[in-house]
Amino acid sequence: MALVWRKLLSTLNTQPLNSSLFLYGHPLVRCCSSYVSQMRYLTVLKEDDDACSKAQASGKFLLFHNLAPLLQKEGHEGYSAPLFAAADVKGILGKLGQSDNILETSVLIGYSQDSETQFALDLGILEMNDLDHHFCGTFVELRKAFFLLRRQDIPLVFRSQALLRWHQTHQYCSQSGKPTERNRAGSQRICKSNGNIYYPQMAPVVISLVSDGTRCLLARQKSFPKGLYSALAGFCDIGETVEETVRREVAEEVGLEIESLWYTGSQHWPFPNSSLMIACHASVSAEKSQITINDQELEDARWFTADEIKRALERKKLPREQEAGVIPIWVPPRTAIANQLIQEWINKQSK
Ligand SMILES: NC(=O)C1=CN([C@@H]2O[C@H](COP(=O)(O)OP(=O)(O)OC[C@H]3O[C@@H](n4cnc5c(N)ncnc54)[C@H](OP(=O)(O)O)[C@@H]3O)[C@@H](O)[C@H]2O)C=CC1
Ligand SMILES: [Mg+2]
């Protein structure tokens, strides 16, 4: 396989490459299914700075300002995170008296269905108000953007912000203390003094919805917005398996011993830093379902019936009761994997 890639890269270095389409049309990339071709194309861009540079010249850019994504209003659908053509970004940078070299600081984030190579660019060195005006949008802090954005735009925005932030916070080699240099795609950083290569990192976190057969357990931390309850979550300790983390976190946080668990899905989560949320259902026996809350970590934890959960899922925004002093229970939005777990549990109860 390494030989195949070397051949492909040497072809690239000897032939003019006017656009990323040339590379995408290469027999080694073209011969496969569309998904395989896309993945191979992205791999080449990560390994070859020149190829990536050329793809940047005709790519599409998701914009950030000090890690806040640019949002545009999209009628009734909420807000979108638009991608701008390289030529448009360069034109606006020119109007603002900024060199377009800044495009080189962008990071590779994907390849779209419309055959566009996608990059994320942080324009934090420029005045935000000027950018808002020229790009016809608003830079919004990520936590707020999460509640505003169309569901389909969230994964790319999360991934982009995580990669941009990783570069901002990993500029030095932890062994030599010297500055590291990034490759053009931004998929790694290298310390030239000792050859250490650093790759973007995520912390694995398990999130488990515990059930005793007829009820499910949700909890809240003091820092959560009023009335919000979620599934139990916790960072994996080094050396732990997912199963061990679920078992430990449930024991630590609510004093229960789980009997079984099964994996259901995962999600990249950028708060407070890049995490890989690994979602599981877990069960405890109804006879051993007495909760003892760890009040260092949780403010409350309770068992909820299916009817209570259905009402919480239906609650789109905080209703009037709150004004009357009653705080209604609500759960994370559909864009959070906690919601998927809760929805799956309800679907199972209904069967
Ligand atoms: N997407 C979703 O649906 C949901 C996502 N989440 C996310 O799950 C994550 C974990 O939940 P939480 O209950 O807070 O986790 P934990 O129960 O593990 O408690 C958090 C504490 O763990 C310690 N810790 C250990 N490793 C790390 C690490 N790599 N990064 C940060 N802290 C670490 C810190 O303690 P100390 O500061 O004392 O060192 C921190 O305060 C949160 O980031 C939260 O945003 C939670 C619910 C739903
Ligand atoms: Mg926790």
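Just so you know, ligand 1 is whichever comes first in the structure, and atom 1 is the first atom listed for that ligand. Positions are given from 1 along the sequence.
Residue-ligand proximity, Gln267 to ligand 1, at heavy-atom distances under 4.0 Å covers atoms 1 (N). If you number the atoms of ligand 1 from 1 as listed, the ones under 4.0 Å from a heavy atom of Ser230 come out as 47 (C), 48 (C). Which parts of ligand 1 touch Glu249 is read off a 4.0 Å heavy-atom cut-off, strictly below it: atoms 17 (O), 18 (O). Against a heavy-atom cut-off of under 4.0 Å, Glu297 is close to the following atoms of ligand 1: 17 (O). Heavy-atom contacts of Gly234 reach the following atoms of ligand 1: 15 (O), 16 (P), 17 (O), 18 (O) (cutoff under 4.0 Å). Near Phe271, the atoms of ligand 1 lying under 4.0 angstrom from a non-hydrogen atom of the residue are 43 (O), 45 (O).
Proximity of Thr305 to Thr214: side-chain heavy atoms (C-beta onward) are nowhere separated by under 4.5 Å. You'll find the side chain of Ser275 reaches within 4.5 Å of the side chain of Phe235, heavy atoms only. Using a 4.5 Å heavy-atom cutoff, the side chains of Leu93 and Leu126 are in contact. Side-chain contact between Gln118 and Leu83 is present, with at least one heavy-atom pair separated by less than 4.5 Å. The side-chain heavy atoms of Leu163 and His167, taken from C-beta on, include a pair separated by under 4.5 Å.
Here's the thing with Ala338: one of its N/O atoms is less than 3.5 angstrom from an N/O atom of ligand 1. Residue Ala336 places no N or O, backbone or side chain, under 3.5 Å from any N or O of ligand 1. Checking only distances, Ala233 does come within under 3.5 Å of ligand 1, N or O to N or O.
Within a 4.0 Å radius of atom 35 (O) of ligand 1, the protein has no heavy atom. Distance remark: protein heavy atom present below 4.0 angstrom from atom 29 (N) of ligand 1. There is no protein heavy atom less than 4.0 angstrom from atom 41 (O) of ligand 1. Checking atom 3 (O) of ligand 1 against the protein gives a heavy-atom contact under 4.0 Å.
If you check the side chains of Ser274 and Trp166, you find no donor sitting under 3.5 Å from an acceptor. Checking Tyr41 against Thr117 by side-chain atom types alone, a donor-acceptor pair falls below 3.5 Å. For the residue pair Gln175 / Asn196, a side-chain donor-acceptor distance below 3.5 Å is found, with atom types taken as modelled.
A donor-acceptor pair under 3.5 Å is absent between the side-chain atoms of Arg184 and the main chain of Ser106, judged by distance alone. Side-chain atoms of Gln267 do not come within 3.5 Å of backbone N or O of Met277 as any donor-acceptor pair. One N or O on the side chain of Tyr198 and one on the backbone of Ser174 form a donor-acceptor pair closer than 3.5 Å. No donor-acceptor pair under 3.5 Å is formed between the side chain of Asn339 and the backbone N or O of Val331.
Looking at Ile207 against ligand 1, only its side chain comes within 4.0 Å, counting heavy atoms.
What sits closest to atom 17 (O) of ligand 1 on the protein, heavy atoms only, is Glu253 OE2, 2.8 Å. Atom 9 (C) of ligand 1 has as its closest protein heavy atom Val205 CG1, 3.9 Å. Ranking protein heavy atoms by distance to atom 14 (O) of ligand 1, first place goes to Gln221 NE2, 3.4 Å. Of the protein's non-hydrogen atoms, Met277 CE, 3.6 Å is the one closest to atom 6 (N) of ligand 1.
A cation-pi contact, defined as under 6.0 Å to the ring centre and within 45° of the axis, is absent between Arg215 and Phe304.
The heavy atom nearest to atom 23 (C) of ligand 1, out of those in Phe146, Phe235, Trp269, Phe224, is found in Phe235.
For Phe61 and Phe119, the gap between ring centers is short of 6.0 Å.
Among the atoms of Ala233, an N, O or S atom is found under 2.8 Å from the Mg ion (ligand 2). Inclusion of Glu249 in the first shell of the Mg ion (ligand 2) is not supported: no N, O or S atom falls under 2.8 Å.
Within Glu253, the N, O or S atom at minimum distance from the Mg ion (ligand 2) carries the name OE2.
Within the structure, ligand 1 lacks Pro332 among the residues with a heavy atom less than 4.0 angstrom away.
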